[in-house]
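Input: a single structure, listed below in structure tokens.
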Amino acid sequence: MLDLALKGKRGYWGWLIFLLVIMGIGLGCYIYQFQEGLKITGMSRDVSWGFYIAQFTYLVGIAAGGVMVALPCYLHDYKAFGRITVLGEFLAIAAVVMCLLFIFVDLGNPVRIMNVIMYPTPNSILFWDMIVLNGYLFLNILIGWNVLSAERKGLHHPGWVTPLIYLSIPWAFSIHTVTAFLYAGLPGRHFWLTAIMAARFLSSAFAAGPALLILLCLIVRKVSKFDPGKEQIRTLGGIVAYAMIINVFFVLLEFFTAFYSQIPGHMHGLIFLFKGLDGHTQLVPWMWTATVFAALALILLIIPATRRKEDTLAVACVAVFISTWIDKGLGLVIAGFTPNPFNRVFDYWPTMPELFIAIGVWATGFFVLTILYKIVISVKEEIAA
Amino acid sequence: MGVDRRQFLKIAGVAALAGLGGKAAVDILAPGDVEASMKALPLTEGKRWAMVINMPELNDEIMNKCIAACHEEHNVPEFGDPKVEVKWLWKEDYHHSFPDHHNEYIDEKYEHKFLLLACNHCSNPPCCRVCPTQATWQREDGIVMMDWHRCIGCRFCMAACPYGSRSFNWGDPRKAPKDKNPDFPTNINYPTRSKGVVEKCTFCDERISKGQLPACVEAANKLKKNVLIFGDLADPDSNVRQVLSKNYTIRRKPDLGTEPNIFYIV
Amino acid sequence: MYDGGKIIIGLIIGIGFFTSPFFFNAGKAARRPEPELTQKAKDAKECVLETSYMKSSHMKLLDEWRQTFVRNDERYFTAKSGKVYYKSLQGTCLDCHSNKSRFCDQCHDYMGESPYCWECHIEPKESK
């Protein structure tokens with residue numbers, strides 16, 4: 001089927017070349033980072049994780065979000081989603097590829113990455129994250145590829161794929177739960193030390209993942225003869241609505257615990273994000289932007305008329321994507337390190353090379369996604385013809 | 001003084017015998033002798049190493065000497081930039097060292113009294129729990145060790161440490177500004193680190209194994225006795241246990257359950 | 001076969017490209033270097049293990065040393081002769097073999113090896 005990715009119109013090739021150029025710039029910056037060390041980033045001994053790990057965290061959510069198509073389809077026999085499950089699986093593949101790349105570019109000693117496998121350490125959550133992410137990647141490649149090639153031949157997918165599909169559903173929950181555990185088990189980092197972290201991660205993932213999928217479906221409909229379907233998009237819209245409501249609810253729970261208990265450590269992170277701490281207000285405009293977008297998304301998603309109208313649903317999905325990205329792909333990691341163990345606040349902001357490397361990784365993900373979606377579209381068009 | 005007089009004489013005697021620090025003497029001795037002499041050194045037999053820091057006795061001169069001794073011994077470079085600096089042993093005021101002991105009526109002289117901080121060599125270390133490669137782990141004698149051959153630089157341990165005791169090599173330490181490090185590397189018998197690994201105080205494992213006190217303790221002892229006291233917490237008769245039973249001491253963030261092994265006499 | 005001629009030409013260019021280093025370097029093989037011993041090393045007569053083993057497998061010993069030294073706190077090595085050595089690349093190995101450039105480097109260069117030991121361990125100062 002891979003040959004289908006080699007035949008495309010000019011727009012397709014233009015887009016791929018555009019992504020390759022961005023990937024090249026990112027790679028160039030990465031080579032610079034590889035030679036000089038992570039000092040070229042904005043990270044410091046006080047904010048020792050930054051933009052890379054934040055992107056990683058956000059993208060694990062996007063990858064897990066794909067399950068919101070597979071779950072109704074395979075567990076609730078919601079047949080309409082059968083048309084787009086492969087879109088969810090291929091989105092998950094691209095997202096996990098980005099996750100693994102973001103972990104890689106964040107390592108101080110990337111050449112030693114195999115030490116994680118050579119010295120397996122079950123008490124380290126990072127070890128389990130490596131296992132669940134690679135496992136999820138593998139499952140989605142197997143499932144997506146086999147389901148699509150069966151569909152191309154007009155057959156049902158082979159029997160051995162079915163148990164893998166059932167396995168992939170709890171596995172999707174596991175990747176984001178384990179990612180939350182990276183943060184939620186660290187003593188002395190009050191902002192992260194919350195039992196609701198995994199639940200929050202999952203709810204924001206199930207809002208952001210399907211929101212991105214809706215946008216991708218709308219793009220697919222525009223650029224190809226394959227229509228993912230009105231009903232499918234409408235159902236996804238409902239899923240995004242519920243997940244976003246739960247996500248915002250969970251965030252508000254954090255506010256209650258912090259501010260009703262009045263424990264300084266629990267309040268500091270939230271104060272830093274929304275009001276600024278000790279005069280450090282860098283993230284405040286971002287977090288209020290996220291709040292406005294979340295409110296806008298909720299209004300558009302809760303009112304049935306705007307949720308069912310594809311134009312306004314698209315606006316809501318963009319708002320969900322931006323809002324959850326600021327929350328998880330920016331605020332979460334930085335606020336976790338603020339204030340530092342000495343109650344001091346240090347600013348962190350990504351540097352240009354750091355941003356270019358991150359954008360390069362995103363471009364790589366979209367490159368993979370474009371090729372995979374091109375194959376899906378070609379197969380679907382072939383079947384329809 | 002870190003060890004009592006009797007212990008010190010014992011160490012000094014055996015040390016002279018084994019020519020500690022000079023491996024030439026070790027080479028000359030037959031293997032049995034070496035092992036016997038190593039056994040006889042109390043400093044190599046600790047079960048739970050700990051340090052007591054006598055805060056009222058600390059002054060700038062002592063602290064600076066201790067830090068210099070440590071950083072020279074372990075080739076810790078000076079970057080002059082708080083964002084990337086590497087610290088094994090450093091000065092910090094009471095207010096920031098014990099952020100959970102706030103009291104707005106506390107006297108200035110206590111609030112901003114400086115003290116020495118280092119890795120606490122916790123009995124229940126979160127850093128070791130999170131390390132994905134066992135590049136940092138707890139030895140049987142309680143020392144939280146680092147294996148710089150193995151560290152992949154994921155910095156999970158830095159996120160896990162509630163004491164800010166871990167430093168990352170954001171760049172190559174050998175490229176640290178020359179004007180700030182004219183003699184770097186200061187100790188040719190100790191490695192530097194490569195870029196991309198995490199480092200921290202190891203309670204001078206390299207000195208303890210030779211029967212010597214940690215560099216900071218030795219430096220402090222030269223100026224004043226009983227300011228830094230190093231010994232074995234597992235031994236009820238040890239110097240540290242005696243000091244702990246006679247003085248009121250506090251530890252940093254004890255409610256996190258990490259069981260720090262550096263104690264501060266208030 | 002479609003485009004058979006083009007494929008064959010492509011294959012020839014490809015094979016030519018990948019084998020070019022062989023043609024390029026043919027007949028120009030560098031002389032195999034012999035590690036040079038310092039006077040101190042000569043006087044010692046023996047290394048921590050047999051010379052033949054050290055020549056072929058010193059990296060294994062060094063790897064074992066660094067593991068046991070750092071991780072197991074086993075800091076001394078007893079040679080067959082009964083002599084005890086402090087396990088230290090910087091302090092023991094290169095104390096004898098202080099001519100790193102002629103003892104270590106020329107052979108590593110010849111073999112195309114670039115061990116990263118020296119990123120951290122400090123090289124002895126050599127008198128030229």
Side-chain angles (χ1 to χ4, degrees), chain B residues 18-35 37-38 44-46 74-75 133-141 143 145-151 169 172-175 184-197 199 202 205-211, chain C residues 38-49 58-100 104 114-127:
Chain B
L20 285 165
K23 63 186 166 29
V26 175
D27 287 353
I28 294 159
L29 282 173
D33 292 350
V34 173
E35 273 144 32
S37 68
M38 300 309 291
T44 61
E45 287 189 341
H74 303 111
N75 294 324
T133 60
Q134 298 149 51
T136 189
W137 78 101
Q138 194 176 29
R139 301 201 321 184
E140 278 174 23
D141 60 0
I143 291 181
M145 259 300 269
M146 278 300 310
D147 185 347
W148 295 306
H149 302 122
R150 193 181 282 189
C151 175
N169 284 280
D172 186 346
R174 295 189 187 181
K175 287 186 192 160
F184 189 82
T186 38
N187 180 3
I188 57 153
N189 290 315
Y190 201 82
T192 63
R193 265 67 63 196
S194 60
K195 69 169 189 286
V197 300
E199 62 182 87
T202 65
D205 67 289
E206 80 286 0
R207 294 174 59 92
I208 292 175
S209 75
K210 288 177 180 169
Chain C
T38 58
Q39 196 54 46
K40 195 170 178 186
K42 279 181 194 156
D43 293 345
K45 294 214 167 52
E46 51 165 27
C47 198
V48 295
L49 285 168
H58 58 278
M59 59 298 257
K60 283 187 196 150
L61 182 78
L62 287 171
D63 189 43
E64 195 191 306
W65 275 22
R66 73 174 190 181
Q67 289 280 336
T68 53
F69 183 100
V70 178
R71 304 195 69 88
N72 309 347
D73 201 23
E74 294 160 13
R75 310 227 154 176
Y76 294 90
F77 176 82
T78 312
K80 262 196 196 131
S81 64
K83 217 168 145 181
V84 174
Y85 297 90
Y86 189 64
K87 293 180 194 170
S88 165
L89 174 66
Q90 249 164 267
T92 304
C93 302
L94 291 170
D95 184 51
C96 243
H97 303 294
S98 51
N99 54 340
K100 175 175 167 283
C104 310
S114 42
Y116 57 85
C117 310
W118 317 107
E119 282 179 21
C120 299
H121 293 277
I122 296 159
E123 304 179 14
K125 283 205 173 64
E126 291 184 60
S127 49

Checklist line | Heavy-atom closest contact (C:Arg71 atom, B:Trp137 atom, distance) | finding: CA-CZ2, 3.4 Å
Notebook entry, point to check: Are any side-chain N or O atoms of B:Thr192 and backbone N or O atoms of C:Cys120, one a donor and one an acceptor, separated by less than 3.5 Å?
Noted result: yes
Next item on the list: Give, as side chain, backbone, both or neither, the part of B:Asn187 having an atom under 4.5 angstrom from any heavy atom of chain C.
Entry: backbone
Notebook entry, point to check: Would you find a donor on one side and an acceptor on the other, under 3.5 Å apart, between the side chain of C:Glu119 and the backbone of B:Arg193?
Noted result: no
Checklist line | Heavy-atom pair count under 4.5 Å with chain C, highest-scoring of B:Arg174, B:Met146, B:Lys195, B:Gln134 | finding: B:Arg174
Checklist line | Top contributor to chain C interface from B:Ile143, B:Asn189, B:Asp147 [non-hydrogen pairs under 4.5 Å] | finding: B:Asp147
Notebook entry, point to check: By a 4.5 Å heavy-atom criterion (distance strictly below it), what part of C:Gln67 contacts chain B: side chain, backbone, both, or neither?
Noted result: side chain
Item checked: Shortest non-hydrogen separation from C:Tyr116 to B:His149 and the atoms involved -> OH-O, 4.5 Å
Checklist line | Pairing residues for C:Ser81 by the side-chain contact (heavy atoms from CB on, under 4.5 Å) criterion, not counting sequence neighbours | finding: C:Glu46, C:Ala79, C:Lys83
Item checked: Within-4.5 Å side-chain heavy-atom neighbours: C:Asn72 and B:Arg139 -> no
Margin query: Heavy-atom cut-off 4.5 Å, strictly under: side chain, backbone, both or neither for C:Arg75 against chain B?
Written below: side chain
Margin query: As an exercise, state the distance from CG of C:Asp73 to CD of B:Glu206, rounded to the nearest 0.5 Å.
Written below: 11.0 Å
Checklist line | Sequence-distant partners of B:Glu140, side-chain contact (heavy atoms from CB on, under 4.5 Å), two or more places apart | finding: none
Note to self: How long is the straight-line distance from CG of B:Asp205 back to CZ of C:Phe69, given to the nearest 0.5 Å?
What the structure shows: 7.0 Å
Item checked: Top contributor to chain C contacts, counting heavy-atom pairs under 4.5 Å, from B:Pro173, B:Pro185, B:Ser194, B:Pro191 -> B:Pro191
Check: If you measure from OG on B:Ser209 to OH on C:Tyr86, what distance do you get to the nearest 0.5 Å?
Finding: 4.5 Å
Note to self: Run C:His121 and B:Ile188 through side-chain contact (heavy atoms from CB on, under 4.5 Å) and show every step you take.
What the structure shows: CA-CA 8 Å; C:His121 293 277; B:Ile188 57 153; over 6 Å; no
Item checked: Shortest non-hydrogen contact between B:Asn75 and C:Ile122, atoms and distance -> ND2-CD1, 3.7 Å
